[in-house]
Amino acid sequence: MAKIINEPSHTFNEYLLIPGYSSSECVPANVSLKTPLVKFRKGEEPKITMNIPMVSAIMQAVSGDRLAVALATEGGVSFIYGSQSVESEADMVRRAKCYKAGFVTSDSNITPDATLADIIALKEATGHSTVAVTDDGTSHGKLLGIVTSRDYRVSRMEPTTKVSQFMTPFEKLIWAKEGTTLKVANDIIWDNKLNSLPIIDDDGKLCYMVFRKDYDTHKRNPNELLDASKRYVVGAGINTRDYAERVPALVDAGADVLCIDSSEGFSEWQKITIDWIREKYGDSVKVGAGNVVDAAGFRFLADCGADFVKVGIGGGSICITRETKGIGRGQATALIDVCAERDRYFDETGIYVPLCSDGGIVYDHHITLSLAMGADFVMLGRYFARFDESPSNRVSIGGTYYKEYWGEGSARARNWQRYDLGGDKKLSFEEGVDSYVPYAGSLKDNVAMSLAKVKSTMCNCGALTIPELREKAVLTLVSSTSIVEGGAHDVIQKEKVPTIK
């Protein structure tokens with residue numbers, strides 16, 4: 001008969017942290033959330049260290065290039081989804097990497113024969129008010145002019161007005177030649193009171209745009225996660241089928257770290273994929289693996305050479321793997337088990353393999369619980385899908401805004417590679433759902449609030465760093481009654497009182 005584990009597996013909601021002694025220095029402003037993203041040897045520093053313990057899920061509805069830029073601005077890493085063509089994913093990585101160089105490849109471009117209506121539609125689609133006018137309407141066509149919100153008034157112009165009639169023409173633009181340094185470009189912007197500066201080559205073709213707001217953004221975001229060339233750190237998802245084509249393209253595009261996107265990682269397919277990467281690139285390409293829920297699964301992937309390991313099966317808000325297949329484990333129990341094995345592995349080998357808690361995060365305090373249990377960082381899907389920067393559509397339902405959110409195991413995603421067990425190239429049955437999540441605004445505001453809560457809780461435990469939290473944290477299991485007691489109860493909340501007319 002099967003081996004039976006009689007102890008129940010628990011979720012984050014079944015645990016609470018017991019406060020510890022807090023010194024006068026233990027205030028949120030002094031808390032550091034730095035954490036390793038990839039493995040390192042004892043006494044050495046990891047090649048990539050994040051400034052916050054948050055990464056975004058490898059999902060179509062979550063991680064595009066816009067979210068990659070926004071999250072790296074706050075100090076985390078986005079893993080751009082791999083369930084798209086190799087070329088499309090590489091382009092997303094490339095756009096995100098180019099963005100922070102200060103030289104941005106324009107993604108709002110139009111021809112002079114287009115109309116004001118086209119400009120308005122383009123602005124709605126991209127959110128950008130600066131549009132490059134090129135001869136072919138591409139980001140690298142010959143620059144003919146620029147359109148900004150100052151060039152037109154919707155209330156006083158016909159929608160059919162040609163762009164050529166109201167754009168600022170090339171001869172009136174201030175521009176710089178390719179090869180101009182970022183410092184010089186910013187000086188030109190400031191000296192001429194510009195909002196943007198086109199960079200063109202010797203043939204007059206548009207290369208990049210430099211924006212005043214990027215300089216300001218850098219000053220406002222001290223946690224930005226940058227590589228050695230001052231570009232944003234960007235991750236990308238891969239699968240165990242087309243890695244021989246996808247990995248080289250993503251590496252060439254500048255991806256800093258890869259992650260195998262799979263519903264279950266205790267598999268020879270992942271070993272084959274990691275072996276191929278190590279044979280071709282050695283340790284220069286960083287790749288995470290997973291997902292696993294026990295010590296044996298972690299040990300297998302660590303021995304395979306994974307740079308980090310993801311923990312969690314079936315705990316995501318749109319995941320129905322446990323329901324359809326009966327596999328998985330409560331996220332808290334899985335994490336505690338795997339973290340213990342990670343520490344044993346470190347003691348035996350001197351190699352520290354970071355752990356990513358993936359799934360089961362419902363409330364902000366679950367992030368703190370996962371860190372206390374031993375996770376180095378968390379991967380979030382639903383959380384990031386709610387924001388402006390996610391790739392999904394914002395829709396109004398009954399007067400309330402929502403964002404579309406679908407699982408990679410849903411029919412909509414068609415991501416059969418993630419659930420591949422070596423059979424037919426198709427999704428035989430769904431392991432995810434198609435849904436909506438409440439729209440929540442900008443990533444920056446929400447991440448700041450979530451991390452403020454994490455820092456506050458860490459101070460309650462007397463910890464100023466994530467490793468210190470692990471050492472000092474005391475966790476307690478709670479009963480179902482305790483969970484009810486933890487919320488507002490036995491009162492009538494003011495907003496719930498019926499209005500008397």
Side-chain angles (χ1 to χ4, degrees), residues 12-13 15-37 49-57 62 67-78 216-226 232-233 317 332 335 356-358 360-390 403 437-475 486-488:
F12 291 131
N13 226 33
Y15 284 92
L16 286 174
L17 283 158
I18 295 177
Y21 170 74
S22 300
S23 71
S24 59
E25 293 183 356
C26 207
V27 294
N30 292 337
V31 172
S32 168
L33 294 177
K34 287 183 179 294
T35 192
L37 177 61
T49 297
M50 295 189 294
N51 293 324
I52 63 172
M54 302 172 79
V55 302
S56 67
V62 178
L67 193 124
V69 169
L71 185 51
T73 300
E74 300 308 309
V77 173
S78 184
D216 296 334
T217 297
H218 175 67
K219 296 300 181 184
R220 292 196 306 267
N221 297 288
N223 276 337
E224 283 181 319
L225 191 59
L226 308 175
Y232 282 131
V233 173
S317 60
L335 187 58
C356 169
S357 181
D358 179 18
I361 303 286
V362 180
Y363 305 109
D364 289 337
H365 75 269
H366 290 172
I367 299 174
T368 319
L369 285 170
S370 67
L371 298 175
M373 290 172 182
D376 295 278
F377 53 96
V378 297
M379 177 171 277
L380 303 163
R382 178 193 60 85
Y383 179 90
F384 287 116
R386 304 172 301 148
F387 303 149
D388 289 319
E389 295 84 358
S390 72
K403 292 275 282 187
V437 289
Y439 167 67
S442 73
L443 179 146
K444 182 179 183 63
D445 293 341
N446 284 275
V447 166
M449 177 60 71
S450 296
L451 294 181
K453 295 176 184 177
V454 171
K455 291 181 177 181
S456 180
T457 305
M458 289 174 62
C459 287
N460 291 142
C461 297
L464 291 175
T465 66
I466 293 174
E468 191 176 11
L469 175 65
R470 287 188 206 139
E471 293 176 11
K472 294 184 175 181
V474 178
L475 291 157

Is any side-chain heavy atom of [X] closer than 4.5 Å to a side-chain heavy atom of [Y]?
| X | Y | result |
| --- | --- | --- |
| V62 | S390 | no |
| L17 | N460 | no |
| Y383 | V437 | no |

* Test M50 against every option in N223, V233, T35 by the side chain to side chain contact (heavy atoms under 4.5 Å, CB included) rule and name the one that passes. => T35
* Between the side chain of E389 and the main-chain N/O of L443, is any donor-acceptor distance below 3.5 Å? -> yes
Please report the shortest heavy-atom distance between [X] and [Y], naming the atom on each side.
| X | Y | result |
| --- | --- | --- |
| S370 | I361 | OG-CD1, 4.4 Å |
| M458 | I466 | CE-N, 3.9 Å |
| L469 | C461 | CD1-CB, 4.1 Å |

If I take atom [atom1] from residue [X] and atom [atom2] from residue [Y], how far apart are they, to the nearest 0.5 angstrom?
| X | Y | atom1 | atom2 | value |
| --- | --- | --- | --- | --- |
| L464 | S22 | CG | OG | 9.0 Å |
| M379 | C356 | CE | SG | 4.5 Å |
| D364 | K453 | CG | NZ | 4.0 Å |
| D376 | S357 | CG | OG | 10.5 Å |

* **Ion pair check, D388 and K444, cut-off under 4.0 Å** => no
* Measure up the F387 and F384 rings against each other and bin them: parallel (under 30°), tilted (30 to 60°), perpendicular (over 60°). => perpendicular
